Amino acid sequence: MHVVVDNSAGGDPFFAGEVAEGLRARGLEVELREPLQAKEFDTFVHVVSAGLVIRVSEHPDRAVLAVIAEVVRGALMHRPSVRRRARSVPVHLGETGRAIEWIDVFD
C-alpha cells in the first residue's frame, strides 16, 4: 500500500516529517508531499484539522489503519501546545476528499 503524507496545505512541516518518518519506520511505502510554494497557514483562527491529510492508495485493513493511527497520535503528542495536540488528521482514500477515518489523540 502506498501512503501519502499530504502537507500541500502547508500546515506543519515538522509534524508532516515526523509522521512520514514514523510510517517509513513501520515498513510502509511513504511519499511526503510538500507545498508547491511557500504558504502561510493561518493559525489565528481556531482550526480543527492539522492541515495534514494522510492519503492511502487502497482501503487499509484494520491492522494498517492502527499503525497509521499510532504514528499520527504519537506525532501529535510531540506538538508544542495543547491546541496543536488536539487537532484531527483525516485519512482519505486516494486523491478524493472522502475521509475514511479521522485520527486524533482522543481515541
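In this chain, numbering begins with 1 at the start of the sequence shown. Note that this is a predicted model, so its numbers are computed, not measured.
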> Considering residues at least two apart in sequence or located in another chain, which fulfil the side chain to side chain contact (heavy atoms under 4.5 Å, CB included) criterion with Ala66?
Replying inline: none
>> With side-chain contact (heavy atoms from CB on, under 4.5 Å) as the test, pick out the partner of Leu52 among Asp12, Val5, Asp6, Val72.
In response: Val5
>> Determine whether Val3 and Glu29 satisfy the following criterion, side chain to side chain contact (heavy atoms under 4.5 Å, CB included), listing intermediate values before the conclusion.
In response: CA-CA 6 Å; Val3 178; Glu29 177 188 340; over 6 Å; no
> Tell me, which pairs form a salt bridge (charged side-chain N to carboxylate O under 4.0 Å, His left out) where one or both residues lie in residues 88-101, sequence neighbours left out?
Replying inline: Arg33-Glu95, Arg55-Glu95, Arg62-Glu101
>> So that I can tick it off, tell me whether Arg73 and Glu70 are bridged by a salt bridge, with the cut-off set at under 4.0 angstrom between side-chain N and carboxylate O.
In response: no
> Does the distance from a Lys or Arg side-chain N to an Asp or Glu carboxylate O, for Arg79 and Glu18, drop under 4.0 Å?
Replying inline: yes
> Is it true that Met1 and Leu65 fall in one hydrophobic cluster, defined by side-chain heavy atoms closer than 4.5 Å?
Replying inline: yes
> For the hydrophobic clusters of this structure (ILVMFWY residues joined by side-chain heavy atoms under 4.5 Å, transitively), does one cluster hold both Val4 and Leu32?
Replying inline: no
Locate the shortest heavy-atom distance separating [X] from [Y]; write the atom from each residue and the value.
X	Y	result
Ala75	Phe15	CB-CE1, 3.5 Å
Ile100	Pro60	CD1-CD, 3.6 Å
Ser88	Pro90	O-CD, 4.0 Å

With a 4.5 Å cut-off on side-chain heavy atoms, are [Y] and [X] touching?
X	Y	value
Ile54	His92	no
Leu28	Ile68	yes
Val56	His2	no
Val64	Val67	no

> Quick one: side-chain hydrogen bond (donor to acceptor under 3.5 Å, both in side chains) partners of His59, sequence neighbours excluded?
Replying inline: none
> What distance do Phe14 atom CZ and His78 atom NE2 have between them, rounded to the nearest 0.5 Å?
Replying inline: 15.0 Å
> Which value, rounded to the nearest 0.5 Å, describes the distance between Ile103 atom CD1 and Leu76 atom CG?
Replying inline: 8.5 Å
>> Set out, in order, the CA-CA distance, both residues' side-chain angles and the distance that settles side chain to side chain contact (heavy atoms under 4.5 Å, CB included) for Arg87 and Val89, then state yes or no.
In response: CA-CA 7 Å; Arg87 293 182 178 175; Val89 176; 6.0 Å; no
